[in-house]
Structure formats: C-alpha cells, structure tokens
Amino acid sequence: MNCAQCQAEFDRLLDGSTADPASTPARQHLAACHNCAVAWRDYESAWNAFLSTPEVEPSSNFTARVMGQIDREERERAARPWFPLIPWRWLAPATAAATLLIATTGVWTTYQRDAEQSVSQELAANLPVVQHLELLSDFDVISNLDRIAPQLDHDPIEEMLNALWNS
Amino acid sequence: MPFDPDTELMLKVRRGNRAAFEALVVKYQRPVINTIYRSVGDLTEAEDLAQNVFVQVWKVRGRYKPTAKFSTWLFTIVRNICLNEVRRRARHPTDSLDKPVTDATDGNETPWQVPDPHAKPPSDETLDAELRRRVDAALSALPEAQRTAMLLLRHQNMPYEEIAKVMRCSLSATKSLIHRARTLLRDQLKPYLRP
C-alpha cells in the first residue's frame with residue numbers, strides 16, 4: 001500500500017471499527033510511514049475537534065411553539081373561505097385542456113363536413129344532371145312535380161329522366 | 001426496509017394524530033436545530049427555520065410514503081429549507097462587519113471576524129475557545145453539500161447510504177463529499193490542532 005492509497009482509507013479508519021480487517025493494510029502503512037502518520041493524526045484530530053464542539057440546546061418552549069403554529073395553521077385553514085380550497089392548481093390546467101379538446105373537436109368536425117361537401121361537389125360536377133343544369137333552373141317546378149304530375153297526361157319525372165338518359 | 005418506529009409514528013401523523021407528531025418534534029428538534037444552526041450560524045434563525053421544517057412536515061403529512069426511513073425524509077426537508085435560506089441570503093446579503101455574532105454555546109457576543117490566512121496560531125490558553133470558533137468558521141466555509149453531509153454524519157449519525165438519499169447522489173459521491181470535507185476541515189484547523 002502506498003501513501004495515496006493509505007490516505008484514501010482514512011475515512012474507513014475513522015468510521016469503521018478498529019477490528020475491521022479491511023483497515024489492517026492502512027494501519028500497517030501508518031506504523032511504517034511518518035508522513036502518513038502525521039496526516040492521519042491531523043485528520044483524526046480535526047474530526048474530533050468537530051465532534052467536540054458543543055451542541056446547541058433548543059429553547060424549552062420549542063415544541064409548544066411548533067404545536068401552537070400547527071394550531072394556528074389549522075384554524076386559519078378552517079376559517080378560510082371555500083374559494084381558495086378549490087384545487088386551482090389542477091382545475092385550471094384541466095379546464096384549459098378540456099376547452100382545447102372541445103375546440104379541436106369542433107374544428108375537426110367542421111373540416112370533415114367541408115371535406116365531405118367538397119367531395120360531393122366534385123362528384124356532382126361529373127353527373128349528367130348537373131351538366132344539364134338548365135333543366136333544374138326552375139327548382140320549384142321540379143320539386144313540385146310529384147304534386148302536379150296527377151294533373152298532367154304524362155309523367156314529367158319519367159319524361160325528364162328519359163331526356164337525361166337520351167342526352 | 002427494517003422496522004423503523006419513527007415511520008410508524010409518521011404513519012399515525014399522516015392520519016392526523018397530533019400526539020405522534022409531537023413525539024417526533026420532541027425527538028428530532030435537537031438534531032434538526034443543530035444541523036440548521038451549523039448552516040446558518042444563528043440560533044434564533046435556526047429555531048425559526050426548524051419550526052418551519054416541522055410545520056412543513058405537518059402540512060405535507062398526507063404525501064408521506066414509508067419508502068425510506070423517516071429521518072431520511074425529514075432531513076431532506078431540512079436540507080431544502082437550508083438551501084432556500086442560503087439562496088435567499090445570497091440574493092439579499094445583510095451581514096455587516098460591525099454586526100456582533102452571538103455565540104450560541106455561551107451566549108457571549110463577539111465581533112464579526114474575518115479569517116486571516118497569515119495569522120499566527122493562538123496561544124495555548126485560548127486554544128480551545130479559538131478552536132471551537134475556528135471549527136464553526138471552517139464549517140461555514142465548506143461548500144453546502146459537504147457541510148450538510150458532515151452535519152448529517154455528526155448530528156444524526158446517519159449511515160452513508162441514507163446521507164446519499166438526502167443529498168440525492170450516489171454512495172461513492174457521498175463518500176467523496178465527506179472525504180473532501182474532512183480534508184478541508186483538517187487543512188483549516190491544522191494550525192490550531194494540538195500535536
């Protein structure tokens with residue numbers, strides 16, 4: 001064991017028992033090395049000086065003071081209005097998250113509906129009926145064909161469809 | 001985890017048992033106050049901060065989980081409160097060279113002393129009193145982590161594994177902290193140590 005290894009063992013010597021077999025090589029080195037023996041003596045003395053400084057005594061009424069403050073805290077908590085008792089710390093972010101979720105859902109739904117409509121418009125553009133939009137110019141007549149059909153001698157719907165297919 | 005009677009008491013405190021809480025205050029006030037006193041250097045302030053520690057324990061009792069020894073949990077709170085105080089002082093320094101320092105052990109007021117690295121060792125007659133003051137000065141000159149580790153080792157006789165938990169570092173880092181602290185303490189106190 002060299003000097004550095006020995007001095008690295010000082011804490012084991014200080015904290016462990018003298019019977020600790022792991023400290024034997026360090027003790028053997030200390031017996032043979034004057035420099036390490038001096039360093040060890042100072043190390044141990046400084047620690048003992050630290051241990052020997054007197055502890056401070058708590059005030060005799062310290063426990064009573066703590067319990068008194070606990071009582072005050074409890075009374076103040078009980079007397080506090082309900083408003084601060086609401087867990088704003090959790091409720092505020094939860095409300096924000098819920099609002100964000102609702103807004104996102106709304107935007108998404110609108111987007112989906114627009115997408116469906118745009119698809120319908122795309123399909124409709126390819127339908128023959130749309131290519132003959134002039135037939136639909138009088139929408140009221142067409143939508144009321146069912147009602148006026150019995151008054152005619154022919155079926156206007158069938159006639160219109162035939163015209164469409166033939167075109 | 002081995003049976004820890006303080007953990008049992010704290011579990012009662014969690015259910016709102018004031019007698020159990022009082023028992024913990026009585027048992028731990030001395031090591032808590034001494035640990036804080038060695039960090040802040042003022043007994044009145046140390047007691048106020050220790051009071052805050054115990055009030056904090058009461059307030060957060062519902063969050064206590066018996067996953068570690070009670071003392072580990074308690075001294076983690078102590079360390080946090082000391083750290084906050086050290087930060088607060090760093091933001092609002094108030095110490096004056098004219099301000100007298102009250103010695104908590106004998107109550108005497110001594111003038112604020114600035115360490116003189118070139119000062120000669122004191123005479124034998126005043127060595128003990130001087131050594132005590134130098135220990136306090138050397139301790140307050142240590143980095144916070146080293147000082148706290150030393151204090152936990154001394155006042156609580158805490159095993160290294162527990163100190164590591166309080167310090168939130170590894171066991172090897174804790175051993176290194178304590179070794180460096182002891183080496184610094186030795187270097188600072190060397191002129192005052194009796195051969």
Side-chain angles (χ1 to χ4, degrees), chain A residues 3-17 20 22-23 26 34-78 80 84-85 87 89-90, chain B residues 16 18 21-26 29-38 43-44 46-48 50-55 57-59 103-106 128 131-136 138-139 150-151 153-155 159-160 175-176 178-179 181-190 192-195:
Chain A
C3 293
Q5 288 169 329
C6 176
Q7 293 188 22
E9 289 292 305
F10 279 2
D11 291 298
R12 189 197 296 273
L13 292 172
L14 215 49
D15 299 324
S17 72
D20 182 3
S23 65
H34 174 70
N35 286 343
C36 284
V38 171
W40 163 245
R41 189 197 62 202
D42 288 345
Y43 198 80
E44 189 180 28
S45 300
W47 180 246
N48 288 336
F50 172 55
L51 293 183
S52 68
T53 52
E55 290 197 334
V56 293
E57 285 295 327
S59 306
S60 54
N61 65 344
F62 180 78
T63 308
R65 270 169 48 196
V66 172
M67 298 311 288
Q69 191 173 343
I70 297 294
D71 284 339
R72 276 195 302 279
E73 298 265 343
E74 293 287 299
R75 272 199 307 272
E76 280 171 19
R77 203 163 70 96
R80 244 175 256 157
L85 295 178
R89 190 178 164 190
W90 305 110
Chain B
R18 289 171 56 93
F21 177 70
E22 195 169 344
L24 287 173
V25 174
V26 169
Q29 58 181 269
R30 191 183 170 106
V32 167
I33 289 172
N34 273 279
T35 303
I36 298 174
Y37 170 67
R38 299 285 177 187
L43 183 57
T44 310
E47 287 207 349
D48 287 345
Q51 192 171 328
N52 288 348
V53 167
F54 288 112
V55 170
V57 167
W58 178 259
K59 277 184 179 172
D103 187 330
T105 52
D106 54 18
D128 282 343
L131 181 60
R132 201 178 63 215
R133 273 193 279 274
R134 291 292 165 178
V135 168
D136 286 343
L139 202 60
M150 291 270 280
L151 294 171
L153 192 61
R154 183 198 159 164
H155 294 296
Y160 280 31
K175 285 180 179 174
S176 171
I178 290 170
H179 183 73
R182 280 170 166 166
T183 305
L184 279 173
L185 196 67
R186 177 190 65 186
D187 296 344
Q188 296 263 328
L189 298 180
K190 203 169 182 175
Y192 306 95
L193 297 172
R194 285 199 177 100

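To find a chain, count down the sequence lines: A is the first, B the second, and so on, and within it residues start at 1.
Under the 4.0 Å criterion applied to side-chain N and carboxylate O atoms, A:D11 and B:K175 are not assigned as salt-bridge partners.
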**Q.** side-chain contact (heavy atoms from CB on, under 4.5 Å) evaluation trace for A:V66 with B:Q29
**A.** CA-CA 10 Å; A:V66 172; B:Q29 58 181 269; over 6 Å; no
(Q) Determine whether A:E74 and B:W58 satisfy the following criterion, side-chain hydrogen bond (donor to acceptor under 3.5 Å, both in side chains), listing intermediate values before the conclusion. (A) CA-CA 10 Å; A:E74 293 287 299; B:W58 178 259; 3.0 Å; yes
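When every heavy atom of A:I70 is checked against every heavy atom of B:V55, the shortest pair comes out as CD1-CA, 3.9 Å. A:A46 and B:L189 make their closest contact through O-CD1, 4.0 Å (heavy atoms, listed as atom of the first residue, atom of the second, distance).
Here the OG atom belonging to A:S45 is positioned 11.0 Å from the NZ atom belonging to B:K190, to the nearest 0.5 angstrom. Residue A:Q69 holds its CD atom at 6.5 Å from CG of B:N52, rounded to the nearest 0.5 Å. In this structure, B:R186 CZ and A:R41 CZ are separated by 11.0 Å, a value rounded to the nearest 0.5 Å. With rounding to the nearest 0.5 Å, the separation of CZ in B:R30 from CD in A:E57 is 4.0 Å. Separating the CG atom in A:L51 from the CE atom in B:M150 is a distance of 8.5 Å, to the nearest 0.5 Å. Considering CE of A:M67 and CZ of B:F21, their distance stands at 6.0 Å, rounded to 0.5 Å.
Ranked by heavy-atom pairs shorter than 4.5 Å toward chain A, the options B:T183, B:L153, B:I33 are led by B:I33. Taking B:D187, B:I178, B:L139 one by one and counting their heavy-atom pairs under 4.5 Å with chain A, the maximum is reached by B:L139. For the options A:S52, A:P58, A:A8, heavy-atom pairs under 4.5 Å to chain B are most numerous at A:P58.
Remark: B:R154 qualifies as a cation-pi partner of A:F50 under the 6.0 Å distance and 45° angle criteria applied to the six-membered ring.
In this pair, A:Y43 and B:H179 present their aromatic rings tilted. The plane angle is within the 30 to 60° band.
Proximity to chain A is absent for every atom of B:A181, based on heavy atoms less than 4.5 angstrom apart.
A side-chain contact (heavy atoms from CB on, under 4.5 Å) with A:F62 is found for exactly one of B:V32, B:V25, B:V26, namely B:V25.
At a threshold of 4.5 Å between non-hydrogen side-chain atoms, the residues B:R182 and A:L14 count as touching.
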